[in-house]
Amino acid sequence: MNAAAPLIDQFQRRISYLRLSVTDRCDLRCSYCMPEAQQFLPRKDVLSLEELHRLALGFIDRGVTRLRLTGGEPLVRRDMIELVKALGARLGQGLEELTLTTNGTRLGEFADRLREAGVRRINVSLDTLDRERFAALSRRDSLSQVLDGIAAARAAGLKIKINTVALKGTNEEEIPALIEWAHGQGMDLTLIEVMPLGEIEQDRFDQYLPLTRVRETLERRFTLTASNHRTGGPARYADIAETGGRIGFITPLTGNFCDGCNRVRVTATGQLYACLGGSEQVDLRAALRSADPNQELDRALDQAMRIKPERHHFAIDRAGAAPALARHMSTTGG
Ligand code: SAM
Ligand code: SF4
């Protein structure tokens with residue numbers, strides 16, 4: 001296979017977007033994401049800065065134009081800014097966008113440097129504006145740090161999108177207030193359905209809030225108009241007349257969007273997962289550590305295109321069910 005060949009899967013979907021996890025570690029313990037006593041990977045198994053860089057360049061050479069760094073919490077990795085700088089140097093040379101998804105706790109420290117390295121947009125995950133609820137949900141009393149981080153990122157000139165997981169009986173009532181708050185500061189907000197990934201202490205069925213239901217509630221309060229806006233991801237958007245802002249809906253459970261999938265995910269140990277909801281996997285670390293890394297990486301990417309499944313099949317339809325996959329979102333890279 002020609003090294004410069006674009007990544008196209010067996011369903012003719014062009015893969016132009018990589019979500020690269022730089023660590024599985026995190027300074028929060030969101031109860032829908034991981035258990036309090038999450039076992040993190042031994043550091044020796046995690047890709048080095050050089051390996052992450054080389055891997056990302058391998059994807060860019062195969063036509064990936066958008067790169068999102070994630071985790072775990074990407075900003076807890078010590079050499080994260082060095083990586084962002086190294087990758088930022090490829091912006092305009094194959095790479096069109098470099099971005100990250102963060103819980104925001106460390107943005108106060110890093111926002112300026114992210115912007116200097118070429119990052120323009122980031123996603124910040126925030127499920128509540130209530131300090132006690134935040135502490136209960138994330139098991140850490142860090143809301144003020146996150147809000148300071150968001151303020152620092154805005155001051156640094158980063159465009160922010162807020163991501164909120166809709167959780168039954170937890171932040172359900174607060175969603176309109178979260179939207180008003182985000183839109184009041186010029187930030188879009190996207191709601192996400194909770195996915196059955198990895199064992200946690202709670203039953204997913206008790207957390208799961210279908211966005212069909214949230215949308216009905218929002219429509220009683222606001223005027224929503226379907227929008228053609230797209231960001232190259234699975235979100236579908238609506239404009240809200242009263243706030244002048246935009247709201248996104250990511251509906252893996254109530255509205256499958258796999259037809260337009262343009263992405264793959266790589267864990268911090270270099271395992272490529274062809275689908276967030278599947279176990280199809282290719283070992284890129286072995287390729288990177290082989291005698292001929294460039295050729296082996298290309299081969300591994302071709303293999304990934306052959307095994308990428310048509311769609312995910314997870315569901316949350318009854319209490320007490322085992323997770324669809326043992327892997328947590330923080331391992332795969334959310
Ligand atoms: N720590 C960073 C953060 O929270 O933004 C990046 C990694 S986190 C795994 C990425 C996103 O996945 C977050 O928006 C988080 O809310 C979401 N997430 C985690 N577990 C999830 C689950 N089981 N279902 C749906 N979304 C989940
Ligand atoms: Fe950490 Fe993000 Fe998972 Fe929360 S959602 S525990 S911030 S990785």
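One-based numbering, in listed order, for ligands and for the atoms of each.
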- Message: Only heavy atoms of V165, strictly under 4.0 Å: list the atoms of ligand 1 that pass.
- Response: 16 (O), 26 (N)

- R204 to ligand 1, any heavy atom closer than 4.0 Å: yes

- Task: Locate the shortest heavy-atom distance separating Q207 from S31; write the atom from each residue and the value.
- Result: NE2-O, 3.9 Å

Please table the atom pairs, donor to acceptor, closer than 3.5 Å between any side-chain atom in residues 34-45 and protein atoms at least two apart or in another chain.
residue, atom, partner, partner atom, Å
E36, OE2, R140, NH1, 3.4
E36, OE2, R140, NH2, 3.4

- Message: Heavy atoms only: which of S125, S138, A166 lies closest to atom 13 (C) of ligand 1?
- Response: S125

- Message: Has R62 got a side-chain atom pairing as donor or acceptor with L301's backbone, closer than 3.5 angstrom?
- Response: no

- Query: Is there a heavy atom in G198 that sits closer than 4.0 Å to ligand 1?
  - Reply: no

- Task: Using the test side chain to side chain contact (heavy atoms under 4.5 Å, CB included), find all partners of E50 that sit at least two apart in sequence or belong to another chain.
- Result: S48

- Heavy-atom contacts with T70 under 4.0 Å: which atoms of ligand 1 show up? List them by number with element. 6 (C), 7 (C)

- When you measure from the side chain of R120 to the backbone N and O of E97, does any donor-acceptor pair fall under 3.5 Å? no

- Message: Quick one, R106 with E73, criterion salt bridge (charged side-chain N to carboxylate O under 4.0 Å, His left out). Give me CA distance, side-chain angles, the key distance, then yes/no.
- Response: CA-CA 9 Å; R106 304 211 171 177; E73 172 47 42; over 6 Å; no

- Message: Tell me every residue that passes salt bridge (Lys or Arg N to Asp or Glu O under 4.0 Å) with R221, counting only those two or more places apart in sequence or in another chain.
- Response: E180

- Task: Working to the nearest 0.5 Å, report the span between CG of L218 and CG of L191.
- Result: 7.0 Å

- Item | Within reach of ligand 1, part of T102 (heavy-atom separation under 4.0 Å) | backbone

- Indicate yes or no: does an N/O atom of M195 lie under 3.5 Å from an N/O atom of ligand 1? yes

- Quick one: do E51 and R285 satisfy salt bridge (charged side-chain N to carboxylate O under 4.0 Å, His left out)? Show the steps, please. CA-CA 8 Å; E51 286 172 327; R285 186 178 61 188; over 6 Å; no

- Query: Which ligand 1 atoms does C33 reach within 4.0 Å, using its non-hydrogen atoms?
  - Reply: 19 (C), 20 (N)

- Message: Taking 4.0 angstrom as the limit and counting only heavy atoms of G72, give me the atoms of ligand 1 inside it, by number and element.
- Response: 1 (N), 2 (C), 6 (C), 7 (C)

- Query: Mind checking whether E73 has an N or O less than 3.5 Å away from an N or O of ligand 1?
  - Reply: yes

- Item | Heteroatoms of the protein, restricted to N/O/S, which lie under 2.8 Å from atom 4 (Fe) of ligand 2 | C30 SG

- Message: Taking 4.0 angstrom as the limit and counting only heavy atoms of V194, give me the atoms of ligand 1 inside it, by number and element.
- Response: 24 (N), 25 (C)

- Message: Please check if the number of heavy atoms outside E173 that lie under 6.0 Å from its CD is greater than 12.
- Response: no

- Task: Please say whether more than 12 non-hydrogen atoms of neighbouring residues, nucleotides or ligands are located less than 6.0 Å from NZ in K168.
- Result: yes

- Query: Is the closest side-chain heavy-atom distance between I15 and F59 below 4.5 Å?
  - Reply: no

- Query: For ligand 1, which atoms, with element, lie under 4.0 Å from some heavy atom of E193?
  - Reply: 25 (C)

- Does an N or O from D127, backbone or side chain, lie closer than 3.5 Å to an N or O of ligand 1? no

